Amino acid sequence: MSGIKICGAGHYAPPKLVSNADLEKIVDTNDEWITSRTGIKTRHHCVEETHSDMCRHAAQTALERAGIKPEEIGVCIVATFSSDFLSPNAASLLQRDLGLLNDTVCFDINAACSGFLFAIHTAECLLAASPRKYGLVLGAEMLSRFINWEDRGTCVLFGDAAGAAVVEWNEEYESLGAVLHCEGDSEMLGVTGSGHKAPPQIFMQGQQVFKFAVNAVPSCMDQALTRSGKTIDDVDFFVFHQANTRIIDLAVRKYHIPEEKYYKNIEKYGNTSAASIPMVLSELTELGKVGPGSRVMLVGFGGGRAWGAALAEFK
Ligand code: UT7
């Protein structure tokens, strides 16, 4: 047996709030449509802040809450596809900004909205081989840069934010037992890149993503439980990617998950892609809804058609 536990979590969202009423002034939309279809009321957009600023703030909070010094970190992974530079990666900018030792393994992972799950699983694997047993794992996105303001189906959905978790590896801890999937798809949901002439832009076939998500979520939850030998009752809290309140509602109804065992912050932040799961982890610790010994199920799904689930315990 070997695995990781979460020792602390932090998050950051830039101060500029964009309300549904603000959006009504620039696109053909309205508060009633956005609220009833998505659950979103506001989202935060960067103005002066950089992606690195968001990462630094979230990571510093997570380190403080964990009581861990930068020099104790052996692995630093940022899940993102919207960092300040294509190169250097966001994790190496954190190495510089936080003063992580220069032999810390620092790199980024792109698995869109499921990125944090891929990153935390990778950290668990790498920490087993690291001389320092603490890892820093982030999900951070500045999707406001990629919004297509001509597309009302997507421009109302996304916000900027970063979330971070400090994890500790120990040979006595249980593994996350992460189940991660992808089925490469460049049409359903994504952001264009260097294969396109125009600047990067978000594209999405909303209904297809919705149908995919409502199947993918329970299927990977079941797989994660089977893999770890746990039942739904062994889970203290469910942390879903915050893409649409209706997708979360369908999952909690299917598993009869009581209200005190799941959390939504999509109303405040919109869809922050890879940041959404660690943002929830951070808010849960602030609210005292999770603490030492709490077992949480992390569930992610989204762009590129990637999805997965894992069970993580708080130290
Ligand atoms: O994080 C990655 C994962 N992403 C997701 O999970 C997103 C999953 N998909 C969704 O959440 C939903 O599909 C949306 C919220 C994006 C869209 O909701 P929908 O119920 O699937 O709406 P729709 O795309 O079928 O559009 C219904 C109508 C259309 O009008 P007509 O053709 O019926 O006249 C759209 O043009 O709503 C219209 N519409 C809007 N109306 C007002 C689309 N966007 C807007 C808007 N405001 N912002």
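Bear in mind that the values here come from a model prediction, so they are computed numbers and not experimental data. Both counts, for ligands and for their atoms, begin at 1 and track the order of listing.
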Are any side-chain N or O atoms of S276 and backbone N or O atoms of Q242, one a donor and one an acceptor, separated by less than 3.5 Å? yes
Should E286 and H11 count as side-chain neighbours, where that means a heavy-atom distance under 4.5 Å? yes
Nearest neighbour in protein (non-hydrogen) for atom 16 (C) of ligand 1: M204 CE, 3.5 Å
Minimum-distance protein heavy atom relative to atom 37 (O) of ligand 1: W33 NE1, 3.1 Å
What atoms of ligand 1 come closer than 4.0 angstrom to any heavy atom of N244? 10 (C), 11 (O), 15 (C)
Which residues share a side-chain hydrogen bond (donor to acceptor under 3.5 Å, both in side chains) with S92, sequence neighbours left out: N89
Flag: protein heavy atom within less than 4.0 Å of atom 14 (C) of ligand 1: no
Could you tell me whether some N/O pair between R37 and ligand 1 is separated by less than 3.5 angstrom? yes
Minimum heavy-atom separation for V78 and C55, please, with both atom names. CG1-SG, 4.3 Å
Students should be able to answer this: which protein heavy-atom is nearest to atom 5 (C) of ligand 1, and at what distance? V209 CG1, 3.4 Å
May I ask you to decide if the ring planes of H181 and W307 are parallel, tilted or perpendicular, using 30° and 60° as cut-offs? parallel
Using a strict 4.0 Å cut-off to heavy atoms of N271, name the atoms of ligand 1 that fall inside it. 1 (O), 2 (C)
As an exercise, identify every atom of ligand 1 less than 4.0 angstrom from a heavy atom of Q207. 13 (O), 21 (O), 23 (P), 25 (O)
So, D160 and R145, do they make that salt bridge, N to O below 4.0 Å? no
Is a side-chain N or O of T192 found less than 3.5 angstrom from the main chain of Q201, in a donor-acceptor match? yes
Taking only heavy atoms of I247, which atoms of ligand 1 are found under 4.0 Å from at least one of them? 6 (O)
For ligand 1, which atoms sit closer than 4.0 Å to a heavy atom of G206? 8 (C), 9 (N), 13 (O)
Going by the angle between their ring planes, with limits at 30° and 60°, are H44 and Y269 parallel, tilted or perpendicular? tilted
Measure from atom 9 (N) of ligand 1 to the protein's non-hydrogen atoms and state whether any distance is below 4.0 Å. yes
Atoms of ligand 1 close to H241 [distance to a heavy atom under 4.0 angstrom, numbered from 1]: 1 (O), 2 (C)
Between CG of L127 and CD1 of I120, what distance do you get to the nearest 0.5 Å? 10.0 Å
Using a distance threshold of 4.0 Å (strictly less than), state whether atom 42 (C) of ligand 1 has a protein heavy-atom neighbour. yes
Tell me which protein heavy atom sits closest to atom 47 (N) of ligand 1, plus the residue, atom name and distance to 0.1 Å. T29 OG1, 2.7 Å
Distance below 4.0 Å between atom 34 (O) of ligand 1 and any protein heavy atom? no
Under 3.5 Å: N/O of R152 near N/O of ligand 1: yes
Of the side chain and backbone of A213, name the one, both, or neither that has a heavy atom under 4.0 Å from an atom of ligand 1. neither
Could you tell me if the side chain of K41 sits less than 4.5 Å from the side chain of D31, heavy atoms only? yes
Just jot down the ligand 1 atoms closer than 4.0 angstrom to any heavy atom of R246, in number order. 18 (O), 20 (O)
Student check: side-chain heavy atoms of I68 and I73 closer than 4.5 Å: yes
For L189, the atoms of ligand 1 under 4.0 Å from one of its heavy atoms are 2 (C), 3 (C)
